[in-house]
Amino acid sequence: MKPPLDMTAGAWAFMVVAWGILIVLTSYCFVIILRGKKKEGAPPSVPTP
Amino acid sequence: MESSGERERWGTRLGLILAAAGNAVGIGNFLRFPSKAAVSGGGAFIVPYVCALLFLGIPMMWIAWGVGRHGGKFGHASTPGMFDRLWKHPLAKYLGVLGLAIPLSFALYYTYIESWMLGYAWNSLTGHYTNVTDYNLYVNEYQGIVQTGNWFNGYNAAVVFAAIAFALNIWVMWRGVAKGIELLAKIAMPLLFLFAIVLMIKTLTLPPKEGTVSQGLAYIWVPDWSQILNVGIWVTAAGQIFYSLSIGMGSLECFGGYLKENDDVVLTGLTTTATNELVEVIMGGSIAIPVTAVFMGSEAVRTIAEGGTFNLGLVAMPQVLVEMGGVKLFGTMWFLLLFFAAFTSSVAVAQPVMAFLQEETKYTRGKSVLLLAVIWGIGTIPCIYWAKYGFWEEIDFWAGTMGLIVFSFIEVILFLWIFGGQKAWDEMHRGADIRIPKPFYFVMRYVTPLYLLALLVLWPAQSLGAVLSPAPNVTEGVRNRAQLKGLIKVKGDTVSPELKKWVAANKSDARVVAQLSVDTLGNVTDVRIQEGSGESAKVVEAELRKRTYEPYREDPKSAQAQAINLEVAIEGLYTSPYIWASRGLMVIIFAIFAFLTYQVWKRRGQGSPA
């Protein structure tokens with residue numbers, strides 16, 4: 001019988017890299033948004049008549 | 001027919017991001033992604049998945065936000081008006097009607113699916129499925145697909161939870177963009193994250209049982225490179241990106257339509273994508289498949305994943321949650337997580353219609369909600385009652401799958417080619433917090449449309465034949481199932497092929513209930529027809545007599561088998577009229593909005609302020 005599929009060292013590395021990229025990218029996006037870096041135009045959220 | 005005269009806007013930027021992420025994050029992130037990855041080469045699936053993300057997902061996300069904000073400049077938050085601004089041609093606005101018909105058609109059945117999650121959350125909280133031995137029959141009974149009365153009575157449960165989900169959706173639509181959709185996202189998204197993190201930690205720290213966590217993760221991360229040249233997995237990966245990011249629905253455009261002229265769309269689009277991918281790949285990949293591997297064994301994972309998204313979510317997961325213990329806590333969390341994911345998506349896909357009715361036809365919010373509720377409600381009823389005839393799956397194929405690609409292809413051509421490549425690029429960058437890397441100009445203009453064109457050819461080639469000629473369906477369930485404690489599995493032939501032939505030839509349904517005597521070896525020794533007569537009953541009886549079951553054991557680990565009596569309810573379903581009704585419904589929805597669009601533009605042409 002074929003042994004069950006299991007994580008290899010390469011697969012763990014693959015997973016860690018993918019998770020890392022996603023965490024860094026998402027954090028980067030939210031940090032820029034929360035710091036409100038660009039504020040040339042009016043703030044996005046004021047209701048207009 | 002008076003509007004409030006004030007355009008709706010987002011309350012805060014974070015609220016907008018959460019609402020956009022809520023739109024994208026849906027059931028597909030937690031169920032569809034892991035099951036597709038598990039059966040499509042694991043780590044090898046990630047390669048076409050990343051390609052589809054880079055060449056389709058991210059570009060289409062920016063395009064959708066760009067088109068939306070551009071339309072919003074002219075007071076449009078729905079695609080008929082937006083497309084009309086991109087291309088001064090009478091046809092443009094009717095192409096934009098797809099951005100209303102597709103999301104509304106999608107909402108009809110998606111709200112129903114969403115209600116299953118709510119129903120299962122309630123059933124988890126009450127421990128309703130704790131002693132169930134056939135979870136497949138349980139879900140079929142819940143949905144009224146098989147009416148055997150072991151745990152549910154007809155359609156009652158399905159209808160009650162569908163009504164609650166529908167009412168919640170309508171309530172949010174009535175409250176509007178900032179006080180409805182945005183507020184919901186601000187509550188539901190943090191809860192979704194919290195539940196997902198708790199379930200992830202619980203899963204990843206489980207001790208080995210039938211299998212291990214790492215064996216489950218292997219289905220997602222260990223690459224099977226023999227699959228990489230399989231066109232099917234490239235199509236599947238692209239489909240997953242579309243479905244997951246809610247591209248081609250008209251909802252992202254609608255969200256963009258509520259932005260101001262100089263509000264950023266580049267970072268907003270990227271954040272929406274990144275958040276969706278974080279939830280999908282990290283959280284979605286680390287709950288359902290690993291926990292299933294732990295409690296059902298590594299070998300079972302493939303079979304379960306091959307059974308599809310809902311097999312994993314509604315058949316395997318309840319069983320796993322019971323095995324794991326703490327159904328009332330973890331089961332409720334799991335299904336509430338899925339419900340929140342679906343809820344934030346369903347309100348988002350309904351908003352383009354609200355925007356059209358409020359801003360183009362100038363209906364009041366109350367009248368818009370009423371009209372939306374009428375179409376939505378009427379359309380959802382057959383999705384519930386005709387589910388066993390494949391009614392909503394037909395909508396899923398045309399509106400929820402093909403429609404997204406067609407709409408995206410039209411949109412990219414309108415924006416990048418007809419409106420103009422450089423103009424579109426400048427439009428996306430107006431007020432942008434970050435710059436889009438230059439190579440994406442080439443990607444958006446050439447690669448994305450070609451990718452979409454390839455999908456338009458390859459996707460239908462996979463399944464169009466079966467879709468165009470609907471086959472009869474057969475459902476089956478054991479009526480006295482709740483009294484039997486072990487599993488009962490049919491070995492060998494089922495009645496399906498012969499009954500299907502009979503149904504196709506006679507173009508009518510057949511319902512037969514038979515009592516079977518099954519001996520200790522699993523052979524059927526006697527068949528008595530209890531309900532049903534005529535030729536269909538004879539077909540069923542003849543086939544049942546040939547059938548063999550796995551010998552029944554009350555305790556699956558015991559070697560001792562016993563003779564049993566089974567009451568089996570079998571239905572042969574002639575699906576064709578229902579499939580055509582489903583197609584007709586989609587055409588009617590398109591026609592309603594095409595007519596309203598015609599009326600609006602006719603009035604505008606006559607100089608009326610409509």
Side-chain angles (χ1 to χ4, degrees), chain A, chain B residues 5-17 21 38 42-43 46 50 178 182 211-224 258-264 267-268 270-282 285-286 293 297-299 301-302 430-434:
Chain A
M1 204 176 117
K2 227 168 78 172
L5 192 67
D6 209 343
M7 288 290 272
T8 58
W12 281 115
F14 187 19
M15 188 182 104
V16 168
V17 169
W19 282 32
I21 291 172
L22 286 171
I23 291 168
V24 168
L25 179 65
T26 313
S27 310
Y28 165 77
C29 291
F30 274 99
V31 165
I32 299 183
I33 287 169
L34 293 174
R35 278 166 61 191
K37 252 185 149 182
K38 171 234 129 198
K39 276 293 152 257
E40 250 178 61
S45 354
V46 187
T48 51
Chain B
E6 189 177 293
R7 282 206 83 207
E8 292 202 76
R9 295 279 180 197
W10 295 105
T12 61
R13 185 158 190 207
L14 191 63
L16 159 69
I17 299 285
I46 302 292
V50 170
E182 190 177 334
T212 64
V213 169
S214 71
Q215 285 170 354
L217 289 171
Y219 275 96
I220 312 285
W221 296 104
V222 173
D224 173 6
Y258 293 117
L259 291 173
K260 285 185 172 177
E261 196 177 337
N262 288 315
D263 284 347
D264 159 90
L267 182 61
T268 301
L270 187 64
T271 311
T272 309
T273 311
T275 310
N276 181 71
E277 291 312 307
L278 180 113
V279 172
E280 179 153 297
V281 175
I282 299 184
S286 308
S298 174
E299 288 302 306
V301 171
R302 182 172 301 280
R430 192 156 34 76
D433 284 343
I434 53 170

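Below, read A as the first sequence line, B as the second, and so on, with proteins coming before strands; counting in each chain starts at 1.
- The CG atom of Leu278(B) lies 9.0 Å from the CZ atom of Phe30(A); values are rounded to the nearest 0.5 Å.
- The CD1 atom of Ile17(B) lies 3.5 Å from the CD1 atom of Ile33(A); values are rounded to the nearest 0.5 Å.
- For Ser286(B), the part lying near chain A is the side chain, with the backbone staying farther off; criterion is any non-hydrogen pair under 4.5 Å.
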What donor-acceptor contacts under 3.5 angstrom involve side-chain atoms of residues 15-26 of chain A, with partners at least two apart or in another chain?
from: Thr26(A); atom 1: OG1; to: Leu22(A); atom 2: O; distance (Å): 2.6
from: Thr26(A); atom 1: OG1; to: Ala274(B); atom 2: O; distance (Å): 3.4

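- Across Val222(B) and Met7(A), no two heavy atoms sit closer than the pair CG2-CA, 4.0 Å.
- When every heavy atom of Phe14(A) is checked against every heavy atom of Gly43(B), the shortest pair comes out as CE2-O, 3.7 Å.
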